[in-house]
Amino acid sequence: MRAIILAAGRGERMRPLTDTCPKPLLSVQGKPLIVWHIEALAAAGVRDIVINIAWLAEQFPAVLGDGSRWGLRLQYSDESREPVGALETAGGIRKALPLLTAGGERSFWVASADVFVPGFRFEAEAAERFAADDALDGRLWMVANSPHHPGGDFAISPEGLALSERHGAPADLPRLTWACLGLFKARLFQDLPLGQAVRLRHSLEDAIGRRALAASEYRGPWTDVGTPERLAQLNAAAAG
């Protein structure tokens, strides 16, 4: 199965660090943040990874190369010349679909380059089960809410489906935060307009309404590396 790492964002909250370096290439505990995902995907047997890029796009191939050092192939979906700029999450996946399905695949991993989750395993067995389940368009991994996102994103039903307020999630079910890690079917994105900035939330809500979005909780360490302070805390923890 292939994977896409979403890395096209400007990283406004990380300025001034991101004025000269894309956030996914900032060093976290001794290596670029995005490399943690690449290494984990390689360990799981993934051999084709697409990285969508926009801000300071030329730095990604210069730093990461073609992926051969990890025993896989890296391809870049470049949004830097799009008339609307970076295409947001769903728009970026839509543009990259030809690369993600070039071998006939209809499912793929999605990971945001913004998150540090060193213990997550992109398990081949989970990917195979998902690909074989025609009822599902997506599977999300959820984490406990952080102080900067106390309300969370979605609840998880007793049947293991993602639920939202828009589609009648019971008030007594706790909300968790999407870890920005998931499995998706290409069909969830194939009808989106090409070359337009579209956020992923709309597609997720659509799948929730059709009971086609599964979810489970991940309890390992997870950090949204969204500010210089959080980056400094991660690096200080490693140094200490």
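Here the structure is a predicted model, which means the values were calculated and not measured.
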J.: Can a donor-acceptor pair be found, under 3.5 Å and without considering hydrogens, that links the side chain of Glu217 to the backbone of Ala144?
T.: no
J.: Distance check, rounded to the nearest 0.5 Å: His148 atom NE2 versus Thr227 atom OG1?
T.: 8.0 Å
J.: Output yes when a side-chain donor or acceptor of Trp55 lies under 3.5 Å from a complementary backbone atom of Thr18, and no otherwise.
T.: yes
J.: Find out if a path of hydrophobic residues (ILVMFWY) with successive side-chain heavy-atom gaps under 4.5 Å connects Phe154 to Leu176.
T.: yes
J.: Tell me, do Glu82 and Leu87 make a side-chain contact under 4.5 Å, heavy atoms counted?
T.: yes
J.: Taking Ile156 as the starting point, is it possible to reach Leu136 by hopping between hydrophobic residues whose side chains are less than 4.5 Å apart?
T.: no
J.: Would a 4.5 Å heavy-atom cut-off, applied to side chains only, mark Leu26 and Val225 as touching?
T.: no
J.: Quick one: does Ser146's side chain get under 4.5 Å of Asp224's, heavy atoms only?
T.: no
J.: Please find the pair of heavy atoms, one from Ala86 and one from Ala54, that lie closest to each other, and give the distance.
T.: CB-CB, 4.0 Å
J.: Any side-chain to backbone donor/acceptor pair from Glu105 onto Gly103? Under 3.5 Å, distance only.
T.: yes
J.: Does Ala57 offer a backbone N or O that forms a donor-acceptor pair with the side chain of Ser80 under 3.5 Å?
T.: no
J.: Determine, for Glu205 against Arg201, whether the closest basic-nitrogen to carboxylate-oxygen distance falls under 4.0 angstrom.
T.: yes
J.: Quick one: does any side-chain atom of Asn52 pair with a main-chain N or O of Ala7 as donor and acceptor, under 3.5 Å?
T.: yes
J.: Can the ring centres of Tyr76 and Phe60 be said to be less than 6.0 Å apart?
T.: no
J.: Quick one: does any side-chain atom of Tyr218 pair with a main-chain N or O of Phe120 as donor and acceptor, under 3.5 Å?
T.: yes
J.: Do Leu213 and Leu204 come within less than 4.5 Å of each other through their side chains, counting heavy atoms only?
T.: yes
J.: Any non-hydrogen side-chain atom of Trp178 less than 4.5 Å from a side-chain atom of Leu200?
T.: yes
J.: CG of Leu56 to CZ of Arg10: how many Å apart, nearest 0.5 Å?
T.: 7.0 Å
J.: So, do Leu140 and Phe184 sit near enough that their side-chain heavy atoms are less than 4.5 Å apart?
T.: yes
J.: Are Leu6 and Leu72 linked, directly or through other ILVMFWY residues, by side chains that come within less than 4.5 angstrom of each other?
T.: no
J.: Any sub-3.5 Å donor-acceptor pair from Arg2's side-chain atoms to Val50's backbone N or O?
T.: no
J.: Quick check for you: to the nearest 0.5 Å, what is the distance between Ile4 atom CD1 and Ile93 atom CD1?
T.: 5.5 Å
J.: Which distance, rounded to the nearest 0.5 Å, do you find between the CD1 of Ile51 and the CD1 of Ile34?
T.: 4.0 Å
J.: Just to verify, which of Arg211, Arg210, Lys185 counts as forming a salt bridge (charged side-chain N to carboxylate O under 4.0 Å, His left out) with Asp137?
T.: Arg210
J.: Restricting to non-hydrogen atoms, name the atom on Pro22 and the atom on Gln59 that form the minimum distance, rounded to 0.1 Å.
T.: CD-OE1, 3.1 Å
J.: Less than 4.0 Å between a side-chain N and a carboxylate O, is that true for Arg187 and Asp134?
T.: yes
J.: Drop me the distance from Asp114's CG to Cys180's SG, to the nearest 0.5 angstrom.
T.: 7.0 Å
J.: Within a strict 4.5 Å, meaning less than it, do heavy atoms of the Arg15 and Thr20 side chains meet?
T.: no
J.: Got more than 12 heavy atoms from elsewhere within 6.0 Å of NE2, His202?
T.: no
J.: Parallel, tilted or perpendicular: which fits the ring planes of Phe122 and His37, with parallel below 30° and perpendicular above 60°?
T.: perpendicular
J.: Before giving the answer on side chain to side chain contact (heavy atoms under 4.5 Å, CB included), spell out for Val28 and Val35 the whole-Å C-alpha distance, their side-chain angles and the decisive distance to 0.1 Å.
T.: CA-CA 9 Å; Val28 176; Val35 169; over 6 Å; no
J.: By the definition side-chain contact (heavy atoms from CB on, under 4.5 Å), identify the one residue from Ile49, Leu183, Leu97, Asp48 that meets it with Phe108.
T.: Leu97
J.: Output yes when a side-chain donor or acceptor of Asn145 lies under 3.5 Å from a complementary backbone atom of Pro150, and no otherwise.
T.: yes
J.: To the nearest 0.5 Å, tell me how far Trp141 CH2 sits from Leu181 CG.
T.: 8.0 Å
J.: Write down the atom of Leu188, the atom of Ala207, and the distance for their closest heavy-atom approach.
T.: CD1-CB, 4.2 Å
J.: Between Gln196 and Gly91 (side chain of the first, backbone of the second, donor and acceptor by atom type, cut-off under 3.5 Å), is there such a pair?
T.: no
J.: Do the non-hydrogen side-chain atoms of Leu41 and Trp70 ever get within less than 4.5 Å of each other?
T.: no
J.: Within the distance-only criterion (no hydrogens, no angle test), does the side chain of Arg121 pair as donor or acceptor with the backbone N or O of Ala43 below 3.5 angstrom?
T.: no
J.: Could you walk me through whether Phe116 and Arg230 pass side chain to side chain contact (heavy atoms under 4.5 Å, CB included), step by step?
T.: CA-CA 10 Å; Phe116 177 66; Arg230 287 180 223 151; over 6 Å; no
